Amino acid sequence: MAMDHMTAANVTAASAARRWLMLGVVSVGAFLPMTTWFSATAIAPQLTRLWDLSPAQGAWITGAVQIGFAIGALVSSMAGLPDVFSLRKLIGVSALTAAAANLCLLFAPSVGLLLVARFVTGRPWRACIHQR
């Protein structure tokens with residue numbers, strides 16, 4: 001009888017540990033894609049000075065992501081992407097695409113390409129949270 005109790009306790013402890021692990025994985029998975037949105041927004045004042053942007057151009061650094069986000073929502077919904085593709089793959093590819101677009105900020109040779117990179121950052125990010 002004591003052996004059955006120990007086995008049940010071990011199963012319960014393992015189940016609780018797995019739940020905490022999954023909570024951590026989901027939390028990190030929700031947090032990391034958001035960093036692509038906020039990273040350039042956080043350094044927008046420095047980018048504005050570095051590129052000698054007007055205040056309106058500086059505001060577009062954030063606005064381009066929001067426009068990409070909205071268009072990404074429309075495209076994702078209208079195309080039914082979550083119904084066509086595996087959610088894990090859709091979220092993974094979307095997060096990697098947003099990260100790659102964000103990386104392009106380091107190499108953008110012009111303000112126009114900087115804004116395109118920000119727009120592209122917003123589009124897949126919407127797909128990342130569409131399923132949540």
Side-chain angles (χ1 to χ4, degrees):
M1 185 74 163
M3 193 62 137
D4 290 335
H5 180 19
M6 286 298 289
T7 304
N10 288 343
V11 168
T12 302
S15 176
R18 181 161 170 74
R19 280 184 269 161
W20 281 108
L21 175 65
M22 288 299 106
L23 178 61
V25 168
V26 169
S27 297
V28 168
F31 172 74
L32 288 179
M34 283 189 257
T35 62
T36 61
W37 181 302
F38 297 113
S39 61
T41 302
I43 62 166
Q46 290 88 345
L47 289 174
T48 300
R49 280 194 306 275
L50 178 69
W51 288 69
D52 196 29
L53 303 176
S54 70
Q57 289 172 316
W60 276 105
I61 294 171
T62 300
V65 176
Q66 294 169 346
I67 292 168
F69 180 84
I71 290 174
L74 288 172
V75 169
S76 178
S77 297
M78 290 172 63
L81 294 181
D83 298 326
V84 175
F85 298 104
S86 159
L87 293 180
R88 280 188 296 189
K89 289 179 183 174
L90 181 62
I91 291 170
V93 168
S94 296
L96 290 173
T97 302
N102 213 40
L103 181 65
C104 288
L105 295 176
L106 297 175
F107 308 106
S110 69
V111 174
L113 289 176
L114 175 104
L115 294 178
V116 168
R118 293 301 291 155
F119 172 82
V120 172
T121 298
R123 272 195 79 227
W125 192 81
R126 175 59 183 139
C128 289
I129 66 162
H130 185 73
Q131 293 75 10
R132 287 187 173 69

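It should be emphasised that the depicted structure is a prediction, and the values quoted were computed from it without experimental measurement. The first residue of the sequence shown is numbered 1, and numbering continues consecutively from there. Just so you know, these numbers use all the heavy atoms, side chains as well, and skip hydrogens, waters and symmetry mates.
Across all non-hydrogen atoms, the minimal contact from Ala98 to Thr121 is CB-O, 3.8 Å. Contact between Thr48 and Gly58 at its shortest, heavy atoms only, is OG1-CA, 3.7 Å. Of all non-hydrogen atoms in Ala117 and Cys104, the two that sit nearest each other are CB-CB, 4.1 Å. Scanning all heavy atoms of the two residues, the minimum distance from Val65 to Arg118 falls at CG2-NH2, 3.0 Å.
A search for side chain to side chain donor-acceptor pair (under 3.5 Å) contacts involving Ser39 returns Asn102, not counting sequence neighbours.
The neighbour count for Met78 CE, taken as heavy atoms of other residues, nucleotides or ligands under 6.0 Å away, does not exceed 12.
Interatomic distance, Leu114 CG to Leu53 CG, rounded to the nearest 0.5 Å: 7.5 Å. Residue Asp52 holds its CG atom at 8.5 Å from CD of Gln57, rounded to the nearest 0.5 Å. Atom CZ of Arg123 sits about 7.5 Å away from atom CD1 of Ile71, to the nearest 0.5 Å. For the atom pair Phe85 CZ and Ser76 OG, the distance stands at 10.5 Å (nearest 0.5 Å).
Tracing side-chain contacts under 4.5 Å through hydrophobic residues (I, L, V, M, F, W, Y), one reaches Leu50 starting from Val111; they form part of the same cluster. Note: the hydrophobic cluster containing Ile61 also contains Trp51 (ILVMFWY, side chain heavy atoms under 4.5 Å, direct or indirect links). Leu105 and Ile43 fall within a single hydrophobic cluster, where Ile, Leu, Val, Met, Phe, Trp and Tyr are joined by side-chain heavy atoms under 4.5 Å apart, directly or via other members. Val93 and Phe69 fall into different hydrophobic clusters, where Ile, Leu, Val, Met, Phe, Trp and Tyr are joined by side-chain heavy atoms under 4.5 Å apart, directly or via other members. By the rule that hydrophobic residues join a cluster once side-chain heavy atoms approach within less than 4.5 Å of another member, Leu23 and Val26 end up as members of separate clusters.
Each side-chain hydrogen bond (donor to acceptor under 3.5 Å, both in side chains) pair with one or both residues in residues 66-75, not counting sequence neighbours, would appear here, but there are none.
Here Leu106 sits in one hydrophobic cluster together with Leu103, Phe107; the rule is ILVMFWY side chains under 4.5 Å apart, joined directly or through other members.
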